[in-house]
Amino acid sequence: MNVTSAGVGASPPKRVHNSTWKDVAIANGSAVSIALFFIVVCVVFSLVTGSFLTTPNLLNIVRQSAPLLIVAAAMTFVITTGGIDLSVGSVLALTATLSAVLLQAGLPWPLVVLAMLALGAAIGALQGFFIAYERIPAFIVTLAGLSVIRGVALLITGGYSIPVEPTSFFVNIGRAWFLGVPVPALLALVVLIVAYLAFNQTPFGRYVTGIGANTEAVRRAGVDTRFMTLFVYVLSGMAAAVAGIILAARLGSGSSNSGQGFELDVIAAVVLGGTSLFGGRGTIIGTVLGALTVAVIGNGLILAHMSPFLTPIVTGTIILVAIWLNFRLFKGATRSR
């Protein structure tokens, strides 16, 4: 994928900043830390409740965490560029709602899926345009998107859930099993493999990392950094749309209240995984571990018969601690670049 400021022709920059042994150590340390933390969380919940390590529960965790894994993979690209997308929960709600509406209107389910993917891409492109070309901070643009998109979903539904016909093949996207594995988990696995390869093995992944590390250096290498920035928001919007489709199919309904606080779980997963909030450094494997950690904590608290209202408190605390550690780890590295 060779892109210049005109669109084609440049070879990918092999380095956009000087890598140091300290950078490598920080990245490896982050991956090891989240892996250890994930293991500790699993051990704690396996001791607290006897049903945590059962096969049905573990399969339930991977099925329910599929939307989180998919969106967190895309968010890794966004945050690595130095941006953020706060609208993913609202996009999830809108696509889940519209999926149910279009299915009720008699539209074939494949067209519904394609329409929702196109809608997610369009929302991402619109937000990406304001961020990349109009230079409005990503936090402001996507915060506005969070409100507006959720408002559209509420306007469509009037606050009510819209049921999906149980006989529709559409529900298999969220409920079917293949070779003993939930289909949502398989979809998430495919997305994660593609994301890992794109992030680590393609010029696009190097561009994304370079934009977060030193945008001007990447631009001078002949890369259209504005288009690349826009494109990561397109990916984020499409990922949120996929999550909305999976959720609507699994629940058998579309609701404007879906995905409340979902963006916080996504950001927590990415930051826990070791992606730098300052941009320039990201890891898909770390994001996977971070997302599974968030999912396991939610599941474990339920199995331990703790109040469901405790989950957002724990998640919020994790986000605060993760951001603090992220700041401490990456602040020095960012200043040295």
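- Scanning both residues, Ala241 and Gly120, for their nearest heavy atoms gives CB-CA, 4.1 Å.
- Here the side chain of Thr95 pairs a donor or acceptor atom with the backbone of Leu92 at under 3.5 angstrom.
- Ring centroids of Tyr233 and Phe129 are separated by 6.0 Å or more, keeping the two rings apart.
- Rounding to the nearest 0.5 angstrom, the gap separating the CD1 atom in Ile39 from the OG atom in Ser46 is 11.5 Å.
- The cluster map of Ile, Leu, Val, Met, Phe, Trp and Tyr, joined by side-chain heavy atoms under 4.5 Å apart, puts Tyr133 and Leu235 in the same cluster.
- The aromatic rings of Phe199 and Phe77 sit perpendicular, their planes meeting at an angle over 60°, well past the 30° parallel limit.
- Note on Val44: it does not cluster hydrophobically with Ile61, by side-chain heavy-atom contacts below 4.5 Å among ILVMFWY residues.
- Between Val183 and Ile173 the shortest heavy-atom distance is CG1-O, 3.7 Å.
- In plain terms, the two heavy atoms of Leu154 and Ser256 that are nearest each other are CD2-OG, 3.1 Å.
- Under the 4.5 Å side-chain heavy-atom criterion for Ile, Leu, Val, Met, Phe, Trp and Tyr, Met238 and Val190 are members of distinct hydrophobic clusters.
- Here the CD atom belonging to Gln201 is positioned 8.5 Å from the CZ atom belonging to Arg206, to the nearest 0.5 angstrom.
- By the criterion of side-chain heavy atoms lying less than 4.5 angstrom apart, applied directly or through intervening Ile, Leu, Val, Met, Phe, Trp or Tyr residues, Ile162 is grouped together with Phe169 in one hydrophobic cluster.
- Note that the OG atom of Ser276 and the CD1 atom of Ile79 stand 9.5 Å from one another [nearest 0.5 Å].
- Closest non-hydrogen pair, Ala125 versus Leu230, comes out as O-CD1, 3.8 Å.
- Side chain to side chain, Thr81 and Thr229 fail the donor-acceptor criterion of an N or O pair below 3.5 Å.
- Rounded to the nearest 0.5 Å, atoms OG1 (Thr275) and CD1 (Ile267) are 12.0 Å apart.
- Using modelled atom types, one side-chain atom of Ser90 and one backbone atom of Leu146 make a donor-acceptor pair closer than 3.5 Å.
- Side chain of Asn299 to backbone of Ala295: no donor-acceptor contact under 3.5 angstrom is found.
- Using a distance-only test at 3.5 Å, with no hydrogens or angles considered, a donor-acceptor pair links the side chain of Asn57 to the main chain of Phe52.
- Counted by atom type alone, Glu263 and Ser87 present zero donor-acceptor pairs between their side chains at under 3.5 Å.
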task: Starting from the C-alpha separation in whole Å, work towards a yes-or-no answer on side-chain contact (heavy atoms from CB on, under 4.5 Å) for Met75 and Asp85.
output: CA-CA 7 Å; Met75 187 69 78; Asp85 189 351; 3.8 Å; yes
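- Across Phe38 and Leu289, no two heavy atoms sit closer than the pair CD1-O, 4.3 Å.
- In this structure, Ser147 contributes its side chain and Leu143 its backbone to no donor-acceptor pair below 3.5 Å.
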field: From CA spacing to verdict: side-chain contact (heavy atoms from CB on, under 4.5 Å), Arg226, Arg135
entry: CA-CA 10 Å; Arg226 292 186 298 179; Arg135 305 295 185 185; 3.7 Å; yes
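- The backbone N or O of Val232 sits nowhere less than 3.5 Å from a side-chain atom of Ser236 that would complete a donor-acceptor pair.
- Side-chain N or O atoms of Ser168 include none that pairs as donor or acceptor with a backbone N or O of Val171 at under 3.5 Å.
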- prompt: Would Val91 and Leu119 satisfy side-chain contact (heavy atoms from CB on, under 4.5 Å), going step by step from the backbone distance to the final call?
  reply: CA-CA 9 Å; Val91 174; Leu119 176 62; over 6 Å; no
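- Not a single donor-acceptor pair under 3.5 Å links the side chain of Ser255 to the backbone N or O of Ser161.
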- prompt: Does the side-chain contact (heavy atoms from CB on, under 4.5 Å) test come out yes or no for Tyr207 and Asp224, once each step is laid out?
  reply: CA-CA 9 Å; Tyr207 294 153; Asp224 189 343; over 6 Å; no
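- Between Ser99 and Ile245, the shortest heavy-atom contact is OG-CG1, 4.1 Å.
- With values rounded to the nearest 0.5 angstrom, Leu98 atom CG is found 5.0 Å from Met116 atom CE.
- One distance of note links CG of Leu303 with CZ of Phe45; it measures 8.5 Å at 0.5 Å rounding.
- In this structure, Leu53 is a member of the same hydrophobic cluster as Phe37, with clusters built from ILVMFWY side-chain heavy atoms closer than 4.5 Å.
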task: Run the numbers on Thr209 and Thr80 for side chain to side chain donor-acceptor pair (under 3.5 Å), then give the verdict.
output: CA-CA 6 Å; Thr209 303; Thr80 301; 5.8 Å; no
